[in-house]
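Have a look at the structure below, then the notes.
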Amino acid sequence: MTRGVALYEAARCLGCHEAPCTSRCPVKIPVYEFIASILSTNFGRAADLVYRANPLALTCGISCPSWKYCESGCTLRKLGQEPVRIRALHRFAAGQEHRTPVFPAIANRSLPVAVVGAGPAGLACAQALRMSGIAVTIFEREDRIGGNAAAHFPERRELQAALYEDAKGLLEDDHVDIQLSTEVGYRFLQEIRREFAAVCVATGRPVWRSGQEPYHGQTMTGGPKDLLQALYNRRSPLPPDIVVEGNGRAPLTIAMAATGAGVGRVRLVTSGDATVSRPWHRDLREAMERGVEVIRHTRVRAYQVLPDASYVLEAHDAANGETRQMITAAFASVTAREREPWVDAVEEKAGNLYVAGEASTAETTLTAAVMGGLRTGRSIAANIADRRNRGDA
Amino acid sequence: MATLETRFCGIPLVNPFLLASSPSTDDLGMIARAFEAGWAGAVLKTTSVESDEVRIAYPIMKSAGHGPAMRGLFNTDLISEKRADEMLEIVRQLKDRFPDRRVIVSIEASNRSDWESLARRSRTAGADLVEIALSCPQGTDLEGYDSEYGTISHDPTLTRTVTAWVVEAARPMPAYVKLNSGVTDITAIAAAAAEGGTAGFCVMDSLESLRAPELDSLRPDPGVEGLTSRGGYSGRAIKPVALNVLSKVAAMNHGLPISGVGGVYDWRDAVEYFLLGASNVQVCTGVMQRGFSIIDDLLDGTLRWMERHGFSTLDDYRAGALSSIVDNESLRRDVPIYYEIDPDGCIGCGLCYVACRDGGHQAIEFDSRTRRTTIVKELCVGCGFCRGVCPIDGVIRPR
Ligand SMILES: Cc1cc2nc3c(=O)[nH]c(=O)nc-3n(C[C@H](O)[C@H](O)[C@H](O)COP(=O)(O)O)c2cc1C
């Protein structure tokens, strides 16, 4: 969009009070304010306004399905007119000279936070943390940032460039360590939990590269949330069979989801007698009716007992129950998808473990992932500050 | 790092943006919200002595153009319905809560003792400045004085006299005159006010104007039972008029500061006022339409512009554009100029073609098939009209 066209388009904005465009924006961009700044040719302020609300402003300016969000609320539609082209204006604004964020100094005595995944959610989370004076280490499996966003969008070259542009402040910051080509599995996750004040899992949905089976034994790559989402999406290839290990609601949920999704063989391994606690009893029976095989009184790690299994989920971590919490949260988010993908973006606290952001595939949105990341980043920062105030950080 | 801090009549201002005397400054809560939003000060709605009871005949306003496209605002408003003692109580409370913001009392009276007592009482209430409202387009008489001009603001002698009374009574608090543009020679009035001891000027009040009746009912709008009165015109449309008056007053050699008013909506308007000699700007219609939050744009936009141009204070560029104003005879006639249409930006509407054909020099060609427009360099005199006719800014450019 050229300057002249941006000015023309900006002049169409009515500047509604409590504007519906802003309230429908996942990241609550002050739409009228930035459009008014364009109109008054204060392009620098327009850029600052969009970046303040959304650290990945350029990226979202390219990819946000704005017709579902801000533009769906534009008052001009009540006149039968086309809505103001907010995303195009947003992209114009984000493309203007803006002040790179000045990150505050690192607060004393605070351990850095690990962020797993350098996709939109992870980057937004890192940004929010850095803004709160917290150092960040980002672990990314691939050799580039961007995550699924960069891998999946048709305009991905442009998107990739936009992501790098948006992340420039983070990439250049001394207190942000980005470790590319570093995979975080379940065990590594447990290790880094001790070294960092908190770990934010911002891995989004798994994208199994074609021809590659899900990892055997490497059960936590991406996390159970990813498997669940894969099951529900049916985008990624389903494993031919699944073993879920654990007692209680979480493994049961996964097992049922797996049969429902059409996984050929689903085995549920429990250390007890699988009556579980009473409330789940009916669910367990239903699961068995749907073909879930229940293996009782088995404690040993499932993949040692069942070496033929192609995908094993350890969902039992009895010591702290965190895995369970994550799974429940994941399940909640999967079912919540029917309502509004970002509303219930998973952000479940479990000890110092957090999950951020919806996955950024074409189906959900970058904007949603960014919002989840920002929210989680802020809540981690708040929790750390809280602990520090109580003197136990 | 540039600063917007400045002074007016010797009084420090946190920034050069004030609320003009208006419906926005007739209420304690509203002004308090404006100060919280960042406004540096407010000229209260004009007030008079308690014995002059004011009652407004509603409706009082009608705009030209609607919504974001509002060009101007016509009003038949009067001074405040609040009594002076209520107004001065607002002054006290504001000064109490916002010691670093400026509260300016706008006063109007019809005889010497009232002018003087209002000035004195404003000072006692803790006001920072007094604005002498000689400017209302409806006009003000002075009891016991016959004026061939009908109203004080058009009469240099009365302007000098009243200014001297108020300035004396307000001392040591500074008092300044708000000018009305509807006079034959603004510099004569400004000179008279300077002789009367004014500490500065406010340029300018709304323009005297009139709305024609509504064409279906043939009744005036705004009007009451089929009758209307003359009123003031404000908003975007009056800015060039106000800038013209401002530049004339600023070019006089009085050394007094000027507060610019008229059609300020965003930072660009403000910067224009500063360039033509204003020390600060006041806003009425812009705030009435878009709310106190426009201060964010005024502050941010002005600062960025200053930084872009390497100015660190307002004084670095204030009145800087005055020296470029000369008599038309002094402009050179032999500098070649013509315009060009950017073919990539052109949307093919043909508006420039029509305008140049019937309002210019038939210098634009329009291809009906491709909808392409081209300017014929040899025919173009460079009048510049087509630029503004084009819907897209920047598509038609000088070469
Ligand atoms: C509804 C209305 C009421 C006004 N009342 C006063 C007033 O009481 N005293 C005064 O000096 N100016 C008054 N003004 C004039 C404004 O202070 C200002 O000089 C004028 O509107 C031009 O500025 P603007 O274009 O920003 O509105 C009023 C203007 C309007 C529109």
Side-chain angles (χ1 to χ4, degrees), chain A residues 1-19 21-22 28-53 74-79 81-86 88-89 92-93 95-100 102, chain B residues 1-2 37 65-71 236 239 263-272 283 286-309 341-349 351-352 386-397:
Chain A
M1 187 178 254
T2 64
R3 176 185 183 279
V5 175
L7 289 175
Y8 179 87
E9 191 61 22
R12 297 179 64 226
C13 173
L14 298 175
C16 310
H17 177 58
E18 290 179 2
C21 46
T22 292
K28 301 284 173 281
I29 287 169
V31 176
Y32 169 57
E33 283 80 354
F34 93 73
I35 291 182
S37 294
I38 291 178
L39 201 55
S40 80
T41 68
N42 189 347
F43 302 132
R45 178 165 189 251
D48 287 352
L49 284 170
V50 295
Y51 270 103
R52 212 175 294 155
C74 181
T75 307
L76 289 184
R77 300 184 47 177
K78 297 202 173 145
L79 301 170
Q81 292 182 10
E82 286 294 308
V84 175
R85 290 163 61 201
I86 300 172
L89 288 171
F92 174 82
Q96 305 295 318
E97 193 80 26
H98 66 279
R99 298 181 181 166
T100 35
V102 182
Chain B
M1 183 65 194
H66 286 264
M70 189 186 293
R71 302 182 295 279
R236 287 196 173 96
K239 187 178 71 175
V264 174
Y265 270 70
D266 66 45
W267 66 272
R268 291 172 300 178
D269 306 317
V271 169
E272 290 173 20
V283 188
V287 159
M288 288 175 69
Q289 187 181 359
R290 285 307 199 178
F292 298 129
S293 66
I294 65 168
I295 186 69
D296 293 336
D297 165 86
L298 289 170
L299 294 170
D300 184 282
T302 309
L303 266 180
R304 282 184 205 252
W305 178 85
M306 285 167 61
E307 280 165 11
R308 237 179 5 256
H309 288 268
I341 300 172
D342 166 15
D344 295 331
C346 176
I347 56 176
C349 65
L351 295 181
C352 58
C386 53
R387 274 184 304 174
V389 170
C390 177
I392 311 293
D393 185 35
V395 168
I396 304 186
R397 295 170 304 212

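Residue numbering restarts at 1 for every chain, and letters A, B, ... go by the order of the sequence lines.
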Test item: A:Tyr32 and A:Cys13 side chains (from C-beta on) under 4.5 Å apart, heavy atoms: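 They are in contact (side-chain heavy atoms under 4.5 Å apart), so the answer is yes.
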
Atom [atom1] in [X], atom [atom2] in [Y]: separation rounded to 0.5 Å?
{"X": "A:Leu39", "Y": "B:Asp266", "atom1": "CG", "atom2": "CG", "result": "7.5 Å"}
{"X": "A:Ser40", "Y": "B:Ile294", "atom1": "OG", "atom2": "CD1", "result": "10.5 Å"}
{"X": "A:Gln96", "Y": "A:Arg3", "atom1": "CD", "atom2": "CZ", "result": "9.5 Å"}

Using heavy-atom distances under 4.5 Å, tell me whether A:Phe43 contacts chain B through its side chain, its backbone, both, or neither.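 When you check distances to chain B, no heavy atom of A:Phe43 falls under 4.5 Å.
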
Measuring heavy-atom distances to chain B, does A:Leu7 have an atom under 4.5 Å in its side chain, in its backbone, in both, or in neither?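 Answer is side chain: those atoms of A:Leu7 sit under 4.5 Å from chain B.
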
Non-hydrogen contacts under 4.5 angstrom with chain A: give the residues of residues 387-396 of chain B involved, or none if there are none.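 Hits under 4.5 Å: B:Pro391, B:Ile392, B:Asp393.
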
What residues of residues 295-305 of chain B sit under 4.5 Å from chain A when only non-hydrogen atoms are counted?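 Contacts with chain A: B:Asp296, B:Asp297, B:Asp300, B:Gly301, B:Arg304.
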
Do B:Arg290 and B:Tyr265 form a cation-pi contact, if we require the NZ or CZ to be under 6.0 Å from the six-membered ring centre and within 45 degrees of the ring's axis?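 No, B:Arg290 and B:Tyr265 do not form such a contact.
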
side-chain contact (heavy atoms from CB on, under 4.5 Å), paired with A:Val31, selected from A:Val50, A:Val84, A:Thr22, A:Leu89: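 The single option meeting the side-chain contact (heavy atoms from CB on, under 4.5 Å) with A:Val31 is A:Thr22.
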
Which atoms of B:Glu307 come close to chain A, meaning under 4.5 Å heavy atom to heavy atom: side chain ones, backbone ones, both, or neither?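 B:Glu307 touches chain A through side-chain heavy atoms alone.
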
To check you understand the geometry: which heavy-atom pair defines the closest contact between [X] and [Y], and what is its length?
{"X": "A:Ala47", "Y": "A:Glu97", "result": "CB-O, 3.7 Å"}
{"X": "A:Ile86", "Y": "A:Phe34", "result": "O-CZ, 4.1 Å"}
{"X": "B:Ile341", "Y": "B:Cys346", "result": "CG2-CB, 4.0 Å"}

Pairs meeting criterion salt bridge (charged side-chain N to carboxylate O under 4.0 Å, His left out) with involvement of residues 4-17 of chain A, two or more places apart: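 Checked against salt bridge (charged side-chain N to carboxylate O under 4.0 Å, His left out) - neighbours excluded - the pairs reaching residues 4-17 of chain A are A:Glu9-A:Arg12.
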
Would you please name every residue forming a salt bridge (charged side-chain N to carboxylate O under 4.0 Å, His left out) with A:Arg85, sequence neighbours left out?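 A:Arg85 satisfies salt bridge (charged side-chain N to carboxylate O under 4.0 Å, His left out) with no residue once adjacent residues are dropped.
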
